**Q** 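One structure follows; several queries about it will come next.
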Amino acid sequence: MNSAALITMVLAQGIVICLTGFFFYKVLTTPPAKEPDSFSENDEESVRKND
């Protein structure tokens, strides 16, 4: 393997590793979204109580 191929391979693997690490970090540190409870909204009893 010549030096140009080795440099290309190392750079490509480095970029992939950096992007993977960045996105794992984003997933682990992003707070959960505030979403309403879909079960209580679809419950017929709670709909009747709110009317």
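Only a predicted model underlies this, so the values are computations on that prediction, with no experimental measurement involved.
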**Q** Among the clusters formed by ILVMFWY side chains lying less than 4.5 Å apart, do Val16 and Val10 turn up in the same one?
**A**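 As far as the 4.5 Å side-chain criterion goes, Val10 and Val16 are not connected within one cluster.
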
**Q** Once you round to the nearest 0.5 Å, how far does OH of Tyr25 lie from OG1 of Thr30?
**A**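 If I round to the nearest 0.5 Å, the distance is 8.5 Å.
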
**Q** Could you state whether Leu11 and Leu19 fall into the same hydrophobic cluster, counting links through intermediate Ile, Leu, Val, Met, Phe, Trp or Tyr residues with side-chain heavy atoms under 4.5 angstrom apart?
**A**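 No; Leu19 is not reachable from Leu11 via cluster members.
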
**Q** Quick check on the hydrophobic clustering: are Ile7 and Met1 connected, directly or via other members, by side-chain heavy-atom contacts under 4.5 Å?
**A**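 Hydrophobic grouping puts Ile7 apart from Met1.
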
